[in-house]
Amino acid sequence: MDLRTRMERRRRDTDGLVVDYEAISPAAHVAEPVGRGPVFETLLDHLDPVLDGDLPPDAYVWGPPGAGKSAVITALFAHLPPRRSRVGAIVHTATRPRPDRESPVSFVYVDGRTATTDFGLYHAVLDGLVDESVPTQGVPTEALVERLRDTLAPPSRRAVVAVDHVGEPETYSLSALADRLDGLSDSLAWLAVGRTHPTDLDTPAKPVELPVYDLGTLADIVTSRAMSGLDAPVLTHQQCRDIAAWADGNAHDALAALFAAADRATDCGQSTVTDATLGRALDEVPRGAVPLAQVLTLPPNRQRVLRALLEVDSDDRASVDSTADAIAADVDLSAGTVRRYLYELADDGVVERVRADGPTSGRPPSRVEPRFPTRVFRRLHGRGAPA
DNA sequence: GATCCACGGGAATACACGGATG
DNA sequence: CATCCGTGTATTCCCGTGGATC
């Protein structure tokens, strides 16, 4: 991001203690992740064959939630430009291409949370490879596959495709992903990113582990984000360490807590974050919650349902049905659709159903409780996709 | 006209409980 | 006492429809 857009955003965002919500957002990644140098080295070594015009083997980057998997992969692929090619501009020569002159390998990052169908997956890969616009509807999936094969046909082009968030409830499993990509072309290598230990997955892909952050590194991350997103020193170094200790290695949770603390302090008109405010902020961030980025990449109507859920009176939340009725009155959807969304969101862990006391007869109803950092969502929802 | 996908709606199934039955 | 059954509600599953796009 250049200086001007950054200044512009700061002016727009300045709000109490917070000068840049994006900078403290648990759903946003920075260009230079803190404390992940060794993993970068490992991944660069892995990609080494690209320098000779070859493809690396398929790989699987894995680690626990909040270990910085997405942070590392997005930063890495941001440094490896996609080298888009125009289909009509491929120069066919009688001689072999000179791989030592310029790497013909393209790098494409795909967010598995938005590419959840075959069509969506192929569309995302193709869209990252070519300049021309790729149809979003109206063409059969097979047409995209054909175009991908053409684009990757020798001698023109090779690609390394990173697919993030593999193995979540709504995303491709590693085996399903491999199934889609392996048969596509010999000119494509993939790099999947997920949480599950590779021995539980039966994959030939080369594993690359991201261990959980240690306390010191996580404290550095919190401090660094606080410095770029908050006004002056509103948090003490000790408070940053407290947040890191509370988060227990999970950078997402740490940043959600930092965000919640700054936002809460702002609401209270405080000029610094007091220990009491920090304590209450930590209490309101659910542990082991769904990552905010997952919530913010849900389809728009589902996000609207979640936003409306936060405003439903306690009285109306006695059952899924009454909650859906209350939300449907607020959002332009039928109660039936809202009800189905709530059950689906509960299935994905975005909300939780908890048994409630209901009428004496029949199966007892459930209350619907958010399982994501609601204060952060409230603030970031509708501000556009995370960078 | 073909295609993908979000919505809407409803059928099928699961669950909880009280009361009947053996 | 253990089990079965009926009733009422919650939850899951599935498919048709229509908008948007090509």
Side-chain angles (χ1 to χ4, degrees), chain A residues 86-88 110-151 163 165 168-173 176-177 179-181 184 290 294-309 312-371 381-382 384-385:
Chain A
R86 224 168 259 291
V87 167
V110 174
D111 184 351
R113 288 175 180 147
T114 55
T116 55
T117 62
D118 287 357
F119 186 91
L121 177 66
Y122 297 135
H123 181 277
V125 176
L126 190 56
D127 196 43
L129 283 174
V130 302
D131 268 344
E132 298 81 20
S133 72
V134 181
T136 56
Q137 293 182 68
V139 298
T141 304
E142 196 55 30
L144 293 187
V145 172
E146 285 309 310
R147 234 183 116 181
L148 257 177
R149 290 208 168 104
D150 288 348
T151 304
V163 182
H165 306 121
E168 290 181 1
E170 291 294 298
T171 67
Y172 277 110
S173 68
L177 180 73
D179 191 53
R180 304 300 187 285
L181 295 182
L184 208 53
V290 158
Q294 182 180 335
V295 181
L296 291 174
T297 50
L298 288 169
N301 276 347
R302 275 153 233 251
Q303 288 194 50
R304 288 169 60 217
V305 165
L306 287 176
R307 183 67 186 80
L309 169 66
V312 175
D313 285 348
S314 177
D315 293 348
D316 289 331
R317 291 217 266 149
S319 71
V320 173
D321 262 11
S322 60
T323 306
D325 287 345
I327 292 174
D330 232 26
V331 181
D332 186 25
L333 291 169
S334 76
T337 297
V338 173
R339 185 164 49 102
R340 183 166 56 79
Y341 282 3
L342 289 176
Y343 281 120
E344 286 175 5
L345 291 165
D347 222 32
D348 299 343
V350 177
V351 299
E352 184 180 14
R353 296 203 324 258
V354 293
R355 172 80 64 87
D357 296 327
T360 45
S361 71
R363 190 172 176 172
S366 318
R367 293 179 63 82
V368 177
E369 301 291 349
R371 288 294 298 156
H381 168 66

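Lettering follows sequence order; numbering is per chain, from 1.
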Separation of atom CG in A:L345 from atom C1' in C:dT11, rounded to whole Å: 15 Å
Selected nucleotide, minimal atom distance to A:Y343 side chain, candidates C:dG8, C:dT12, C:dT21: C:dT12
N/O donor-acceptor pair under 3.5 Å between A:Y172 side chain and A:A115 backbone: no
Modelled atom types, side-chain donor and acceptor of A:D127 and A:Y122, under 3.5 Å: no
Between P of B:dA6 and CD of A:Q303, the distance in whole Å: 14 Å
side-chain N/O A:R339 vs C:dA10 OP1/OP2, d < 4.0 Å: no
Salt-bridge present (A:E344, A:R302; N to O < 4.0 Å): yes
Closest to side chain of A:P365, choosing from C:dA10, C:dT11, B:dA16: C:dA10
pair A:D348-A:V290: side-chain heavy atoms closer than 4.5 Å: no
Touch class at under 4.0 angstrom, heavy-atom based, for A:R353 against every strand present: sugar-phosphate
Atom-pair distance (CD on A:E170; C1' on B:dC5), nearest Å: 14 Å
Neighbours of DNA chain B within residues 324-338 of chain A, by heavy-atom distance under 4.0 Å: A:L333, A:S334, A:T337
Spacing of A:D321 atom CG relative to B:dG10 atom C1', expressed in whole Å: 14 Å
Residue-phosphate contact under 4.0 Å: A:T117 side-chain N/O, B:dC4 OP1/OP2: no
Closest to the A:R340 side chain, choosing from C:dC13, C:dG8, B:dC5: C:dC13
Nucleotide nearest A:Q137 when distance is taken to its side chain, options C:dG19, C:dA10, B:dG9: C:dG19
Whole-Å gap separating P (C:dC22) and CD (A:E146): 20 Å
Given B:dC4, C:dC22, C:dA10, the nucleotide with the shortest approach to the side chain of A:V139: C:dC22
Under-4.0 Å salt bridge between A:R113 and A:E168: yes
5' priority, DNA chain C, between A:S319 and A:V134 [closest heavy atom]: A:S319
Distance in angstrom units between A:R363 CZ and C:dT9 P, rounded: 14 Å
Pair A:R367 + A:E369: basic N to acidic O under 4.0 Å: yes
Interatomic distance where CG belongs to A:L121 and C1' belongs to B:dC4 [whole Å]: 15 Å
Side-chain donor/acceptor of A:T337 to backbone N/O of A:L333, under 3.5 Å: no
Whole angstrom value for the distance that separates P of C:dT11 from CD of A:E352: 13 Å
